[in-house]
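Excluded from the calculations below are hydrogen atoms, water molecules and symmetry mates; all remaining heavy atoms, backbone and side chain alike, are included. In what follows, chains carry the letters A, B, and so on, assigned in the order in which the sequence lines appear, proteins first and then strands, with residues in each chain numbered from 1. Every value quoted in this text rests on a predicted model; they were computed, and no experiment measured them.
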Amino acid sequence: MKIVRWSLLLLTTLVAACRHQPKPLSFYYWKTQFTLNDYERSVLKNNGVKSLYVRYFDVDLKPEDNQPSPVSPVHLDTAMQGYRIIPVVFIRNRTFERLQPADIPTLAQHVFALVAQINQSQHIATTEIQFDCDWTERTRDKFFQFIQQYRAITSQTISSTIRLHQIKYKDKTGVPPVDYGVLMYYNMGAISGDNTNSIYERSVASRYNTYIKTYPLPMDVALPIFSWGQTIRNGKVVELLNKTNITQFENDSNFTRLNKTRFITKHACFNGGYYFKEKDEIKLEQVSADDLLDITTQINQNTNHRIGKLIFYDLDSTNLVQYEKDIFKKVLNHFN
Amino acid sequence: MKKIFSKKYLTTLISSFTVGTGIILACAGGDWDDEYGTSNFAPEAFVDSSYRPFFYSGYNFYYGIGYDMQHDSRFNGSNVDDWSLYLGKEAPATEVEFLLKTASASSIDSANRFLAGKVKTLPAALQAFRLFKNASKQTTAFINYLSLAKACEDFATNNFEYAWDYDSKKSKTLTVNTKQVNEVLGKEYNQTKDPFLKQRYWFQLVRSYFYNEPPQTAIDFFERNQQSFPKNELYYRTIAYTAGAYYKLKNYSKANYYYSKVYDGCNALKTVAHYSFHPQEENDWKATLALCANNEEKITLWQMLGVFYSDETRAMKEIYALNPRSEKLNLLLTRAINKEEVRFSGWEPYMGDSKFSIKKDTLKSDLYTLSTRIAQAGNTSEPWMWYMAAGYLDMLTGNTQKAAASYKLAEKKLPKEQLAQAQLRLLKLINTIAGTPKADSKFEKQVLTDLEWITNGTFPPDFRRNTALSWIRETLSKRYKAQKELIKAVCFRDYNEFYASNNNVEAMKSFLNKADKTPYELYYAKLYALTTYDLLEYQAVNLAMEDKLEEAIKKLEGIPAAEHVLPGNPFNGRLQDCHDCDHEAAQKIKYTKLSLLKKMKDMEDKIKTGTEAYSNAMLVANAFYNITHYGNARAFYEGRILGEFHYSPFSIDSLFRGMLTDMKMATKYYTLALAAAKTDEQKAKCHFMLAKCERNQWYNQTFYNNSSNEYGDLQGQAFLPWNGFKSLKQYSNTQFYKEAIKECGYFKSFTEK
């Protein structure tokens, strides 16, 4: 059954490639309240987006708990009707660190039931699911067993995100028993406050590129369009500033610009819901349009044209406005 | 009570695609054993216990409690107390508690109808209740209120029972008609003349409006009536919901202002105010400050900023300028000091815990400048605390004279509390030790009483002494080592190099046995964890490894370790070592450490006289092989100095690794056996055993001698044609040779080359 499904996917990909048709494009939706503003709607329409990967909830096994529980389930609204929705469930790796193997079937059932309940709230049906877990050598067996348990409950297509280190060290971290993987082509550097970009850094990517070709799963690829900041205090990163960009700081007289991507706090203050101490440095990271094209080149060179579709992370007008409107088409055209 | 305003309303979420800041913050803290890590400064000595969750913690979100898990249960106790007081002495507290916490909404409804005369019987569970026998006016009012309050639980409490239920997570469909409930609550509020009941109905209405009506409705109802009520716990519960309503309207300045009132006015809600307080932009913060009616309110806000956003020094500056005598400085100061201690702590591998160190540092931090300034001004409500803090900061950077002066000033104003007294005594002791470069007899006399106290004394709760004790032992050990007073050095902190010299071991034995120890000698002798027996055992192992069996036997005789039974037969010699097989095999004679040595000695005597020289030499060789790390009788050498449970030669202290892995004695006796061997079978066996020794020795000299190989790959090492293998080839006709081919893959591949 699995082989048939893989072959179908491969076939579809091949046929699409032969005809030089543009590949499909999709987005991750990662906020807890699903709602689309006009700008987001227009981007989806202009790029012919049919499917969306929507984060449904996280699963975590908190230190004070004995059993895993869902975290912040999404609140859907009617805006998502009209799109094919692929639920994404993020499972914190520490869940599998402590979860007993005997409790894995229950977790699979809980996840399945909660996805169904969320679907029911908007009267939609989904036929696919994606699991996002930064699994490691230590947790791989339990994560893979979880996927198998999930498969025992439903015949839905199951995919999983794959991080670059999991590609490179596949002998140690294993290959998950899923129908396809989504290669997360970002978050490759350490968040160290140094001068490299932790979202995308070409030199870091090159350490992993050669391993992509031989990874034994059909693959989609996820590309970063988000930006964030880091607060650096006494040389250490002390906070991540989610959805933060340069304009927030360049118009605030409490900050002095050090260079293209860095500011220093002149006077302690609040900005964007965060507090900055005097002398805190802020490093802002984003991926430029040129970087996105460069990433596409890397993928073209290293993947044997085996990538199914591009999925951008994440759909949010605060990210989208950082780029020209035609960026997604440009990237797609550059992609072969 | 439900969490007032959960951050789940924030629409963005950090999860898989970013890295949570919690991780970074947690890692930045360093390694921790205790919750407070490496610390000599107990906030409990300086700060009111209502602030306890906000004391600096190495890794917990809240000090002492970890997390706030009381969202639905925070007021259970005070509810029972309040109602019991209202109902009077006659009301049994257990019944009040049952009605408030356990009874279902429907049974309370039935009781309410019973008291109103609408039904004749009470629900079964309540029939025996004394409260309902000739129920008072208060009881009737209580049950009437409770029937409405239970209805409100539908929207006001979380369903934590079943986390996987989506309905409990989203804005759930309510089973109560909130319009109707609000109407009845409003009617009761207006009608009742009883101030206790009136305030409770007011609370219920504000909360219900917060959940079910536009936020402004809750705000208006609160603001219109708040002057009429006392500032009790219920008042702060009500204002907390009003703060949440302002937050919903994005009026952050007012929301945060109200949260600051909650934080300051109600200890039970301090953590709630903490996770709800959240200025967005600098203007919100400035506007919140502008709302303050007086300096004390501003001080509360600055304390919140300093604690919640980790800017203690800025907050202290602001508060000090507003009111130098404010007690709100205390929490900030202890947090700042505890955080500063992290800069002076590090990992101490020998003790397996973290330790602090005093580092010369001329860079004066903002905290140092500020606390010194405040200490010198002497105008706070607790000057002793500032003297102590300033002194500690001076001491941490090696300025012990200035520190001593500050401690002296602190002493003059020190309160009588035991913890404060112990705190100062500890800091002074550290300072004296840090400030005295030579540990001579004068110094020893000076510190002995305090040393005995810190080591063996009794202490008030929350006193932090472990870091200091560890530092004192380490520091004095090093100082005595530098002064070449090695007995003292090893007593203060045991270290293996000491045992490399037999003279040291002998000196230690004499010291331990010395009858007329001085008080200081008695003190440090007690610090030393080992006994004369441990030293004798260690000497015996050393002698045995050098084949000085007679002397070794003398050391062992009469000490408990002599009777320690070895797990396998130490005279076994295998083609392939298998300790588990030897340990499991049935044994006619069990050997102890002592009986093994005696048996070996007998055999050696026979070798000397030529009695069954081959077999005796073979057995002695096997025994020498087995008492090394490679053999089945490692237990022979395991002890308190040499260590135990060595999973590889790397886990043996490098100082002892050579002795415990050396094959020289095994080789000597296998060689003797070979010389005495008569048959080819015997010779073949000797050659094979010598090959084993040669192989082990090769690993000792090329692999285990370099600790960088510890996490390397043993399999990657070359296989070498051992001399023993080469010699063995000539005995291919023997049975032993065939066995060796079968059992030993290395030998097999060697013969095939």
Side-chain angles (χ1 to χ4, degrees), chain A residues 28 30-33 35 55 57-58 62-65 67-73 75 88 90-92 110-111 113-114 117-118 120-121 132-134 161 184 186-187 191 198 222 224 226 228 231 233 236-240 242-243 252 254 267-273 275 277-278 313-314 316, chain B residues 6-25 27-29 59-61 65-69 160 162-171 173 252 256 278-286 288 305-306 308-315 317-318 343 365-366:
Chain A
Y28 279 102
W30 215 257
K31 292 187 275 186
T32 54
Q33 180 77 47
T35 171
R55 176 207 159 276
F57 51 90
D58 296 355
K62 295 175 190 144
E64 68 272 23
D65 290 345
Q67 285 297 323
S69 55
V71 180
S72 309
H75 291 204
V88 184
F90 169 68
I91 310 177
R92 263 189 91 159
H110 280 153
V111 170
L114 186 52
Q117 281 190 62
I118 295 172
Q120 215 172 12
S121 74
D132 177 22
C133 177
D134 190 2
T161 51
M184 288 168 57
Y186 53 88
N187 286 5
I191 299 170
S198 68
F226 63 93
W228 68 19
T231 306
R233 190 172 294 160
K236 280 184 187 155
V237 177
V238 292
E239 190 160 31
L240 280 180
N242 203 27
K243 306 265 180 199
D252 187 334
N254 289 313
H267 307 294
C269 65
F270 288 94
N271 178 309
Y275 178 75
K277 280 169 86 161
E278 194 182 315
Y313 180 81
D314 62 328
D316 182 338
Chain B
S6 125
K7 290 195 171 143
K8 77 184 174 193
Y9 285 95
L10 301 174
T11 48
T12 52
L13 179 86
I14 296 180
S15 57
S16 77
F17 289 83
T18 63
V19 178
T21 50
I23 298 165
I24 294 175
L25 293 172
C27 295
Y59 54 85
N60 271 345
F61 194 69
I65 55 171
Y67 296 88
D68 179 356
M69 302 291 285
F160 286 116
Y162 188 53
W164 287 94
D165 180 12
Y166 187 52
D167 288 337
S168 71
K169 298 275 169 192
K170 59 174 187 173
S171 23
T173 321
Y252 301 120
N256 291 325
H278 197 185
Q280 300 295 310
E281 303 297 336
E282 188 60 11
N283 286 341
D284 301 328
W285 169 247
K286 284 184 175 155
T288 305
L305 178 135
F308 303 171
Y309 293 95
S310 234
D311 202 349
E312 291 85 1
T313 307
R314 182 187 178 202
K317 269 185 208 164
E318 297 285 349
R343 285 210 305 128
S365 63
D366 286 354

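Distance check: B:L305 CG to A:K277 NZ gives 10.0 Å after rounding to the nearest 0.5 Å.
Closest of all the heavy-atom pairs between B:H278 and A:G273 is NE2-O, 3.0 Å.
Here B:D311 is the residue among B:D366, B:T313, B:D311, B:D284 with the most heavy-atom pairs under 4.5 Å with chain A.
Under the rule for a side-chain contact (heavy atoms from CB on, under 4.5 Å), the partners of B:K286 that lie at least two apart in sequence or sit in another chain are B:E282. Every residue two or more places apart in sequence or in another chain that forms a side-chain contact (heavy atoms from CB on, under 4.5 Å) with A:N271 is listed here: A:Q248, A:F249, A:D252, A:F255, A:F276, B:E281.
The closest side-chain heavy-atom distance from B:Y67 to A:P63 is below 4.5 Å. Using a 4.5 Å cut-off on side-chain heavy atoms (C-beta onward), A:F270 and B:Y309 make contact.
Contacts between B:S310 and chain A at a heavy-atom distance below 4.5 Å involve backbone atoms as well as side-chain atoms.
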